[in-house]
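Could you have a look at this structure, given as structure tokens, before my questions?
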Amino acid sequence: MPELPEVETMVRGIRSTLEGARLVGLKPGDCHCKPILMQPLLQEMQERSRNQIIRQVTRRAKRIVLTLEDQSAFVIEPRMTGLMLVSDPPDEAHLRLEWMVSRQRRRQSVWFWDRRGLGTVRLLTPEEQLQTLGPARLGPDALEMTGDDWFSRLQAVRRPVKVALLDQKLVAGIGNLYASEILHRAGIHPGTSSETLSRAHVTRLHAATQEILLAAIEHEGSTLGDGTYRNVLNQDGSYQNQHRVYAKEGGACRTCSRGTILRIVQAQRSTFYCPHCQKPPRKSIRKVTPPSARKSSGD
DNA sequence: CCCCAGTCCTGCGGGC
DNA sequence: TGCCCGCAGGACTGGG
């Protein structure tokens, strides 16, 4: 599932192909499944972007931003199973959109591939970009948060810290996998109410976020057993080999070798942690639902 | 303010 | 062997 490190890996992988190149075509993939959300519809998207030079390829939280010369931008949200590819898709059946570019007479393509189709592609005006990517909807990027940012933002809400880490308005870019890994590295129990975290806790959380996310980028992200996430060459990332808690329920903790990894459910999401490395501060635990109490419907 | 459930979607795997 | 259904969760919405 693409979170900040996976999206950063995609951006780095497509940058050399797209940045400075001229967009000569925008083609739907020949996938017969239900179409992904595109805004505006394909034809208008083609008309508005045709023959423009792609000036910048950047990342905003978990979104990919292709800025064109008229300052409009493609904003791509991979969500659960979306991938940007420069070659060799996992299958042809889930190709959704192709950007055909040209530079110095050389033609290349970048594809958006998405098995489940929860991803979105939008072409936004500068004003729309501000609405969609601005501070009203997205907090500071997780890698750009300062210690003071972390402290004031966690003080401002009263929620389990794991749930707070998933709130993209509070901090942008962290998803379910890295939230568990970050809290484990910081030695903070996921149920700790955010406003009770001490300065020392927040310092550890800040450092752990930097360390985990930067290491995950170095390893080109995490490819889980379901094989969903891959880099732009359709190759596995390798950060999954460094995971300490995510999806490791019942296993021995690799850090302390004393605890057994537990799974709990918070805000309808799985959280994994080591009860030995991540001791709950007294009286500050908020709403932790044991797995047995999980509702079986919905999700 | 915060929480919960429901929505979108597809592939996979457990259970019968 | 085959079918049903739960589960995975990012972003969002509506109700309590």
Side-chain angles (χ1 to χ4, degrees), chain A residues 1-7 10 29 31-39 59-64 75-83 89-96 112-122 124 131-134 136-139 141-142 153-181 190-196 221-230 240 243 246-249 263-272 284-289 291-299:
Chain A
M1 61 208 97
E3 303 181 24
L4 187 153
E6 288 76 23
V7 177
M10 293 179 201
C31 118
H32 300 295
C33 26
K34 197 159 182 202
I36 58 165
L37 188 146
M38 302 227 285
Q39 181 202 342
R59 176 184 61 76
R60 173 73 174 111
K62 302 176 196 172
R63 291 139 211 232
I64 297 147
V75 175
I76 302 148
E77 270 188 62
R79 302 235 181 145
M80 293 300 294
T81 54
L83 297 181
D91 63 57
E92 305 280 330
H94 298 94
L95 284 173
R96 307 288 181 157
F112 182 61
W113 179 95
D114 188 354
R115 192 178 65 189
R116 284 171 64 179
L118 296 175
T120 66
V121 177
R122 285 175 288 181
L124 303 180
Q131 284 169 10
T132 308
L133 305 175
R137 290 192 95 92
L138 286 178
D141 194 272
R153 286 173 173 267
L154 290 168
Q155 285 281 304
V157 293
R158 301 170 63 85
R159 314 158 72 175
V161 60
K162 159 61 161 46
V163 179
L165 290 184
L166 295 182
D167 180 349
Q168 302 299 299
K169 277 206 274 282
L170 196 154
V171 51
I174 298 171
N176 203 47
L177 190 162
Y178 291 104
S180 284
E181 293 296 328
T192 313
S193 191
S194 56
E195 85 284 4
T196 70
S222 301
T223 300
L224 296 178
D226 63 6
T228 297
Y229 165 73
R230 303 193 188 277
Q240 65 280 2
H243 292 178
Y246 186 78
K248 295 191 182 296
E249 182 183 15
R263 183 180 84 97
I264 57 175
V265 174
Q266 298 175 288
Q268 299 157 274
R269 301 280 183 263
S270 291
T271 301
F272 301 89
S284 60
I285 294 290
R286 296 174 61 85
K287 292 248 177 160
V288 171
T289 319
S292 57
R294 190 175 192 187
K295 272 220 84 185
S296 56
S297 65
D299 218 29

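Throughout, protein chains are lettered first and strands after them, A, B, ... in sequence-line order, and every chain is numbered starting at 1. Side-chain atoms are counted along with the backbone in the values below, which use heavy atoms only and exclude waters and symmetry mates.
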Between dC3(B), dA8(C), dG10(C), spot the one nearest the side chain of P160(A), thanks.
dC3(B)
Between Y246(A) and dG9(C), is there a side-chain N or O to OP1/OP2 distance below 4.0 Å?
yes
Are the side chains of R153(A) and V171(A) in contact, using a 4.5 Å heavy-atom criterion?
no
Do Q168(A) and R137(A) have side chains that approach each other closer than 4.5 Å (heavy atoms only, starting at C-beta)?
no
SG of C33(A) to CZ of R115(A): how many Å apart, nearest 0.5 Å?
11.5 Å
On DNA chain C, more 5' by nearest nucleotide between R122(A) and N176(A) is N176(A)
With nearest nucleotides of DNA chain B determined for H94(A) and R79(A) from heavy-atom distances, which residue corresponds to the more 5′ nucleotide?
R79(A)
Heavy-atom distance under 4.5 Å between the side chains of I264(A) and K162(A), does that happen here?
no
Options dC9(B), dC12(C), dA11(C), nucleotide nearest the side-chain atoms of Q168(A)
dA11(C)
Ignoring backbone atoms, establish whether S270(A) has a side-chain N or O less than 4.0 Å from OP1 or OP2 of dA8(C).
yes
Rounded to whole Å, CD1 of I36(A) lies from P of dG10(C) at a distance of 18 Å
When rounded to the nearest 0.5 angstrom, what distance separates CG in L170(A) from CG in L138(A)?
12.0 Å
Assign Y178(A) to base, sugar-phosphate, or nothing according to its heavy-atom contacts below 4.0 angstrom with the strands shown.
nothing
Find the distance D91(A):CG to dC12(B):C1' and express it as a whole number of Å.
15 Å
Can a side chain N or O of K34(A) be found less than 4.0 Å away from OP1 or OP2 on dT10(B)?
no
From CZ of R115(A) over to P of dA8(C), roughly how many Å is that when rounded to an integer?
15 Å
Within this structure, what is the CG-to-C1' distance between L170(A) and dC12(C), rounded to whole angstrom?
17 Å
Nucleotide nearest L118(A) when distance is taken to its side chain, options dC8(B), dT10(B), dG6(B)
dC8(B)
Whole-Å distance between dG9(C) P and Q266(A) CD?
12 Å
Report yes if a side-chain nitrogen or oxygen of R159(A) is closer than 4.0 Å to either non-bridging phosphate oxygen (OP1 or OP2) of dC3(B); otherwise report no.
yes
How is V157(A) classified with respect to the nucleic acid when contacts are heavy atoms under 4.0 Å: base, sugar-phosphate, or nothing?
sugar-phosphate
Nucleotide dC3(B), atom P - distance to CG of L166(A) in whole Å
12 Å
Between R263(A) and dA8(C), is there a side-chain N or O to OP1/OP2 distance below 4.0 Å?
yes
If I take atom NZ in residue K169(A) and atom C1' in nucleotide dC3(B), what distance separates them, rounded to the nearest angstrom?
14 Å
From the options L37(A), V75(A), I76(A), select the one residue that forms a side-chain contact (heavy atoms from CB on, under 4.5 Å) with V121(A).
I76(A)
Value in whole Å for how far the C1' atom of dA11(C) lies from CD of Q39(A):
14 Å
Taking atom types as they are modelled, is there a donor-acceptor pair under 3.5 Å from the base of dG10(C) to the side chain of R63(A)?
no
Among the nucleotides dA11(C), dA8(C), dC4(B), which one has an atom lying closest to any side-chain atom of Q268(A)?
dC4(B)
